[in-house]
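Notes follow once the structure below has been shown.
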Amino acid sequence: MSEQLELSPKKKLLLIDGNSVAFRAFFALHSQLDRFTNHDGLHTNAIYAFKTMLDHVIKAVHPDKALVAFDAGKTTFRTAKYSDYKGGRSKTPEELSEQMPYLRELLTGYGIKSYDLKDWEADDIIGTLAREGEAEDYQVIIVTGDRDLTQLTTDKTTVAITQKGVSEIEYYTPAHVQEKFGLTPTQIIDMKGLTGDTSDNYPGVTKVGEKTAIKLLTQFETVEGVYEHLDDIKQSKMKDHLIEDHDQAVMSKDLATIRTNAPLAVHLADIDYTGPDLDKLISFYKQMDFNNFLKQLQNAGLSLDLGDETPEQTLKDISCTELTAHNLDLLANFTDEVSFILEMPDENYHLSTFAGVVVTDGKQTLVSREIDLLQTAEFKALLENDQIKKNVFNAKAQYVGLNRLGVKLAGIDFDLLLVSYLLDTNDNSNDLGSLAQQHGYVEVETDEAVYGKGAKRGLPDDDTVFFNHLARKALAIQNLHDDLFKELATNEQTDLYRNIELPLTLVLADMEIAGVRVDTDQLIAMREKFKEQLATLQQTIYQEAGEEFNINSTKQLGVILFEKMKLPVIKKTKTGYSTSVDVLEQLASQVPIVENILAYRGLAKLQSTYIEGLLKVVHSRDQKVHTRYLQTLTQTGRLSSVDPNLQNIPIQTQQGREIRKAFVPSHEGWQIFSSDYSQVELRVLAHITGDANLQEAFREDEDIHAATARRIFGLTSNDEVTPLMRRQAKATNFGIVYGISDYGLSQNLGISRQEAKQFIETYFREYPDVKKYTEDVVTQAQKDGYVETITHRRRYLPDINAKSFNQRSFAARTAMNTPIQGSAADIIKIAMINMQKALKDAGLKATMLLQIHDELVFEAPLEEIPKLEQLVPSVMDSAVKLAIPLKVESAHGDSWYDAKG
DNA sequence: GTGTTCACG
DNA sequence: ACGTACGTGAACACG
């Protein structure tokens, strides 16, 4: 055994046992299995470790010829001879087998041929080629994880066995084999004949293990030798076993013998090693998300270009020009297409400072910290000219930021953030550097790497550092433009991007800029009222508890309720007692304190989240809140809203609903106007499933929950639908949309799982195409790895084939829900784009302010209300053409509270 | 930073 | 035998 490979001056032939090394590689990084997945959910640990091993071996060997042999399948000439050969083996883990095709791609990238041959094992391919190589006077190096291959060692052939860590390798020469096993290489075969092999599942001679075998072979050399000299062995149990198991020993030796005469279609002449195919390797690393390897490649390329190495610097300086008031004419060189960044260090672009600006066409890059330059005629001529295409990262932020500076950004073509999100909704990191790296462009760092994080975050004082980062970011956008547009086209998502998401981003920008006026006096009055009520409740609760404690602390509350007052524990959380509403409601009848706690909770929520929370984010300048819609966050295509979240303002309880009175028009004599889609998700369900019964209910404009109740409770047209029936039918309808489970429905309705199951079965019988859809969409997701909405919005579901029941079930429910929720999101997005245009075309002052998933909120002069009542629903219900009509309901009033039907 | 709770669709 | 309804954001407590 040796850690070092002894190299001769001969030419080198490298032969790798693909399956065996892949297996070792897989288990070397098995503990990291979850960390090694690419953006499509493919595990990559074995590929990664295999790659590491390859680098190691190639560096050590410098092969002239190389080949990786794979097993062709389960059946071989050995199984034909002995059907139990390798029987009883637990099958290869799915997480490994899914990597095998990609391993071959890796090898292609490395310029190494891979080969398998029907009915033969990789061992035999290697054995055959090794002998061919020896005949041509090559030094042969065989890499495997399987010690049996040491039988192939000769003075011309070294066998390298990978250890636990794949890059640790033991090299076996005949001398080392002798040293380690006390046998010659060919005697390894005889040993296997005598001992058998449990992992390959062949028997050998009973009770003969390694020690006995070595002793026998030292004396008699071969299996045949042992049997020829049976007489020399004195009477013993062992001798009986040898006689008894003669046939097995012969057969086992045969099975263990690696063939050197396999009928190969590949020969030495076909397997020259001339080094990697860089283009293939780069695209492969991108596919695998091997960013560090990409970086290595890129740096290797750089240092070659430079001729010398600059090891401490990972990225070289970008050549760029500092823009000043005196060289603004340089901007006129940009006539066709530019990548542009207005750098805003704070997340909230409505308030952020401006740190700098960069613009590039890939050839010339201009940078500056002087924000005022943006307001010059020269810069405006570039930015406001819609004939010059703009490539950006987060178009909405750029548009809003520039708008604050009085610049109207036009001609936006490529938004790296938005496109990345459409390609894979999981790519929502929001950082240009990390997104670019995920897409294989690594000559850019993350903002965190350059600016720091937390308290230490700050802009670099050094112009070189700052300008370089800006320049690299702009160049990243410029460079990814073509590739990502191609990917969009491949996914049939170009229309989704150009006709929906990109136009929408500007609609949203206008809505955010418009903002919503908040009546802070009203909120302050509510705050005082709530403050008193909370104080009173607090005192009552302290009295009932017999002590003072923090009611907001679930931990302290749990101690009071379940230890001090000894109330029954209904539900537990990971960390202790659950004190959630449904638990407290079950306890309410037993002690008055619970009712008060519930009241306190409700009030405290309104106070802290809505009253105080809202007051904190009202802009003092205009008394408005300017939310930010996150367009690249949700997995379904919905928007989300932050700072503040205007999509979860209370409505359900009267007390909470009062908050909406504070959302008022921004002009005297105006009103709030609101329209919402009625049952849009169930209508989408009816459309997508094509279910005739569901569609009929919508065509007849029935109360859908009542109609469902009639069906699942088998009522005739004369029977009355009781409120309970309707409630249960409604819950079932929702359950279907969410990807139903009997357990979930039973929890929601407070019924037994059996009963819930019955509801679902009846539902599926009444709406058979809905059932078919739920099955088909899961099958499709299993096949493709993703599901789609009506506009080809895509969501990948890597867990759809997971081993864990939970993960798999969750993915299956997601597969059912996402096309429904996502298509509903598509519809309202289209409506919003059409709406903005319709308002403009009609010359109305009305402004769209908010989107709450199925609802649009406007403010408008009172006199425009009749016009809106006609226009808004017509635009909304004609956004897309479905198999059934869409229905829209509208209302208006002096505040959002009053805009209710 | 994580977990719990609760607001919305 | 498992232990879930789908999608979000904000506040608070706690370590």
Side-chain angles (χ1 to χ4, degrees), chain A residues 425 428 453-454 549-558 571-584 597-598 600-614 616-617 627-630 633-653 655-657 659-660 676-682 685 731-749 753 756 760 787 795 799 803-822 824-825 828 850-856:
Chain A
T425 51
N428 56 9
K453 66 170 173 180
F549 67 102
N550 185 345
I551 307 169
N552 289 322
S553 164
T554 50
K555 202 178 162 193
Q556 293 182 35
L557 181 60
K571 205 165 74 182
K572 291 199 122 193
T573 67
K574 266 187 264 190
T575 49
Y577 312 110
S578 170
T579 65
S580 61
V581 173
D582 52 322
V583 170
L584 294 186
I597 289 166
L598 281 168
Y600 181 91
R601 277 246 182 101
L603 215 49
K605 174 84 176 177
L606 293 179
Q607 183 78 315
S608 66
T609 304
Y610 296 103
I611 307 284
E612 289 168 350
L614 220 41
K616 263 187 259 176
V617 293
T627 187
R628 281 179 300 130
Y629 288 104
L630 306 185
L633 183 136
T634 71
Q635 298 298 306
T636 54
R638 274 191 176 184
L639 302 175
S640 85
S641 156
V642 294
D643 296 335
N645 179 0
L646 294 180
Q647 291 182 319
N648 72 345
I649 303 301
I651 192 165
Q652 226 156 355
T653 68
Q655 199 176 30
R657 197 170 195 161
I659 307 265
R660 295 186 173 221
D676 66 289
Y677 283 112
S678 168
Q679 307 297 352
V680 64
E681 291 193 348
L682 285 171
L685 179 74
T732 311
N733 276 330
F734 272 98
I736 296 291
V737 169
Y738 292 157
I740 201 152
S741 76
D742 49 11
Y743 180 86
L745 184 61
S746 74
Q747 286 297 297
N748 188 287
L749 283 175
R753 225 171 121 165
I760 296 167
V787 290
R795 179 176 186 176
D799 286 346
K803 278 203 303 291
S804 147
F805 174 87
N806 263 331
Q807 286 181 26
R808 204 174 55 245
S809 308
F810 184 66
R813 290 196 296 274
T814 310
M816 300 179 214
N817 171 262
T818 295
I820 309 295
Q821 190 182 115
I828 196 165
L850 298 173
Q851 188 250 47
I852 307 102
H853 309 307
D854 62 359
E855 173 186 8
L856 295 176

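Below, chain A is the first sequence line, B the second, and so on; all start at residue 1.
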Q. Would you say the side chain of Val642(A) lies within less than 4.5 Å of the side chain of Thr627(A), judging by non-hydrogen atoms?
A. no
Q.
Would you measure the distance from the C1' atom in dG3(C) across to the matching atom in dA7(B) and give it in whole Å?
A. 26 Å
Q | Bounds of contact between DNA chain C and chain A, in 5' to 3' order, using a heavy-atom cut-off under 4.0 Å | A | dC2(C) to dG15(C)
**Q.** Side-chain heavy-atom pair Asp799(A), Phe810(A) within 4.5 angstrom cut-off
**A.** no
Q: Find the runs of at least 3 consecutive base pairs, i with j, i+1 with j-1 and so on, that include DNA chain C, using Watson-Crick or G-U wobble geometry with both distances under 3.5 Å.
A: B:1-9 with C:6-14
Q. Counting only side-chain N and O atoms of Thr575(A), is one of them less than 4.0 Å from OP1 or OP2 of dG3(B)?
A. no
Q: Report yes if the side chains of Tyr629(A) and Leu850(A) come closer than 4.5 Å at any heavy-atom pair, otherwise no.
A: yes
Q | C1' spacing across the pair dC6(B) / dA1(C), given as an integer number of angstrom | A | 32 Å
(Q) Taking only side-chain N and O atoms of Arg601(A), does any of them lie within less than 4.0 angstrom of OP1 or OP2 on dC6(B)? (A) yes
Q: Check Ile820(A) against Glu681(A) and note the closest heavy-atom contact, atom names and distance.
A: CG2-O, 3.4 Å
Q. Under 4.5 Å between any side-chain heavy atoms of Ile651(A) and Arg660(A), yes or no?
A. yes
Q. What nucleic acid atoms does Ile651(A) come within less than 4.0 Å of, heavy atoms only: base, sugar-phosphate, or nothing?
A. sugar-phosphate
(Q) Using every non-hydrogen atom in the two residues, find where Ile659(A) and Ile611(A) come nearest and quote the distance to one decimal. (A) CD1-CD1, 3.4 Å
Q: For Asn817(A) and Val737(A), work out which heavy atoms get closest and say how close.
A: ND2-O, 2.9 Å
**Q.** For Leu639(A) against Thr634(A), the heavy-atom pair lying closest together
**A.** O-CG2, 4.0 Å
Q) Expressed as a whole number of Å, how far does the P atom of dT4(C) sit from that of dG3(B)? A) 14 Å
Q: Check whether any side-chain heavy atom of Asn733(A) sits under 4.5 Å from a side-chain heavy atom of Gln679(A), and report yes or no.
A: no
Q) Taking the nucleotide of DNA chain C with the closest heavy atom to each, which residue, His853(A) or Tyr743(A), is nearer the 5' end? A) Tyr743(A)
Q | Side-chain heavy-atom pair Leu598(A), Tyr600(A) within 4.5 angstrom cut-off | A | no
Q.
Is it true that Ser580(A) and Asp582(A) share a donor-acceptor pair across their side chains at a distance under 3.5 Å?
A. yes
Q.
Using a 4.0 Å cut-off on heavy atoms, which residues in residues 809-819 of chain A reach DNA chain C? List them by number, or say none.
A. Phe810(A), Arg813(A), Thr814(A), Asn817(A)
